[in-house]
Amino acid sequence: MGRRRAFDEEEVVRAAVGLFGGRAYDGVSVDDLVNHLGVHRNSLYKTFGSKRGLYLVALRRHVADDVQPLAEALAAAADAETALRLVTSADLGLLLLAAVERAPADDEVAEEVAAALATLDRAVSDALDISPALASALTAAALGIRLRGNPDEARIALTQRLDPLD
């Protein structure tokens, strides 16, 4: 009979979302995971298989807990300004880091990122009644604003140019 797990898997995954979302995959070592998550190395490997295994679980949790609710809010957006505000203020750190760091090198991560972005694009397209291509461009612009910082100023400038979409 095996020992009972001494940690809450849900708490560990949520903490891993924050750790990977703040420092990226390559910026987090297994020692960092052990120290920050309070999980013994053997337990981490037994539960998640590897650092990558935990990363994939964390990425999927981030999509479910952060990206999907954002998509639901976007689907109810009344105008482009609201959609931009929602995206630029959302906690999308792990998704953005996954897109630029892991997706180019990891097909499974690339699939998760592509699906998450497509979900956001569809929500924007449906809410604003615009073409999928234009929705994708708007989502990309909003994510770019998020990456560059100072989202309020950039969002206002872009919204002024998007008035014809409303």
Side-chain angles (χ1 to χ4, degrees), residues 2 5-75 83-127 131-151 154-155:
R5 191 175 291 164
F7 64 91
D8 182 333
E9 189 173 330
E10 296 297 314
E11 286 181 22
V12 166
V13 171
R14 278 193 294 276
V17 168
L19 196 56
F20 287 125
R23 293 174 40 194
Y25 181 83
D26 287 337
V28 177
S29 68
V30 174
D31 285 339
D32 291 331
L33 293 170
V34 169
N35 292 328
H36 286 90
L37 304 180
V39 177
H40 290 97
R41 186 178 302 269
N42 289 341
S43 295
L44 184 131
Y45 285 113
K46 184 176 182 183
T47 304
F48 301 105
S50 64
K51 173 183 157 181
R52 180 180 176 275
L54 174 56
Y55 179 82
L56 287 169
V57 171
L59 179 59
R60 290 177 182 127
R61 172 60 48 83
H62 175 57
V63 169
D65 291 353
D66 300 312
V67 177
Q68 192 58 46
L70 172 60
E72 292 166 10
L74 284 169
L84 283 169
R85 183 181 43 74
L86 287 167
V87 174
T88 59
S89 63
D91 179 6
L92 298 175
L94 182 51
L95 178 65
L96 294 172
L97 287 171
V100 298
E101 181 197 33
R102 298 302 309 154
D106 186 321
D107 290 341
E108 199 167 356
V109 172
E111 288 177 25
E112 294 292 335
V113 168
L117 294 175
T119 297
L120 295 176
D121 292 344
R122 274 191 305 278
V124 169
S125 177
D126 293 346
S131 72
L134 185 54
S136 179
L138 185 61
T139 303
L143 292 173
I145 289 168
R146 177 87 169 91
L147 284 172
R148 291 189 67 169
N150 197 2
R155 183 182 68 243

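Fair warning: this is a prediction, and the values are worked out from it, not measured in the lab. When reading the values below, keep in mind they use all heavy atoms of this one structure, side chains included, and skip hydrogens, waters and symmetry mates.
- Annotation: the span from Leu56 atom CG to Ser50 atom OG amounts to 7.5 Å, rounded to 0.5 Å.
- Smallest separation of non-hydrogen atoms from Arg146 and Leu92: NH2-N, 4.0 Å.
- Side-chain N or O atoms of Thr47 include one that pairs as donor or acceptor with a backbone N or O of Ser43 at under 3.5 Å.
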Report task. Starting from the C-alpha separation in whole Å, work towards a yes-or-no answer on side chain to side chain contact (heavy atoms under 4.5 Å, CB included) for Val39 and Leu33. Result -> CA-CA 8 Å; Val39 177; Leu33 293 170; over 6 Å; no
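- Screening residues 133-144 for salt bridge (Lys or Arg N to Asp or Glu O under 4.0 Å), with sequence neighbours left out, gives no hits.
- Using a 4.5 Å heavy-atom threshold, the side chains of Val87 and Leu74 count as touching.
- Among pairs with a residue in residues 108-117, those fulfilling salt bridge (Lys or Arg N to Asp or Glu O under 4.0 Å) read Arg52-Glu108, Arg60-Glu108, Arg60-Glu112, at least two apart in sequence or across chains.
- Taking CG of Leu143 as the reference point, atom CG of Leu120 lies at 7.0 Å (rounded to 0.5 Å).
- Considering all non-hydrogen atoms of both residues, Val109 and Ala103 come closest at CG1-N, 3.8 Å.
- Taking CG from Asp91 and CG from Leu70, the interatomic distance works out to 10.5 Å, rounded to the nearest 0.5 Å.
- Within the structure, the ring-ring contact (aromatic ring centres under 6.0 Å, His included) test picks out the following pairs touching residues 9-29 (sequence neighbours left out): Phe20-Tyr55, Tyr25-Tyr55.
- Within the structure, salt bridge (Lys or Arg N to Asp or Glu O under 4.0 Å) contacts touching residues 14-25 (residues at least two apart or in different chains) are Arg23-Asp32.
- Closest approach of Ala24 to Glu101, counting heavy atoms only: CB-OE1, 3.3 Å.
- In terms of modelled atom types and a separation under 3.5 Å, the side chain of Thr88 and the main chain of Leu84 share a donor-acceptor contact.
- Shown here are the salt bridge (charged side-chain N to carboxylate O under 4.0 Å, His left out) partners of Asp65, two or more places apart in sequence or in another chain: Arg61.
- Closest non-hydrogen pair, Pro69 versus Ala64, comes out as CD-O, 3.3 Å.
- By the side-chain contact (heavy atoms from CB on, under 4.5 Å) test, Ala15 pairs with Leu37, sequence neighbours left out.
- Side-chain N or O atoms of Lys51 include none that pairs as donor or acceptor with a backbone N or O of Tyr45 at under 3.5 Å.
- Under a cut-off of 6.0 angstrom, the local environment of CG in Asn35 is crowded, with over 12 non-hydrogen atoms contributed by other residues, nucleotides or ligands.
- With rounding to the nearest 0.5 angstrom, the CG atom of Leu117 is 5.0 Å from the CG atom of Leu95.
- Here the closest non-hydrogen pair linking Val17 and Ala58 is CG2-O, 3.2 Å.
- Using a 4.5 Å cut-off on side-chain heavy atoms (C-beta onward), Gln68 and Val63 make no contact.
- The side-chain contact (heavy atoms from CB on, under 4.5 Å) test with Arg102 is passed by exactly one of Leu97, Asp26, Leu59: Asp26.
- Of all heavy-atom pairs between Ala123 and Ala71, the closest is CB-O, 3.3 Å.
- Remark: Thr139 OG1 to Arg122 CZ distance equals 11.0 Å, nearest 0.5 Å.
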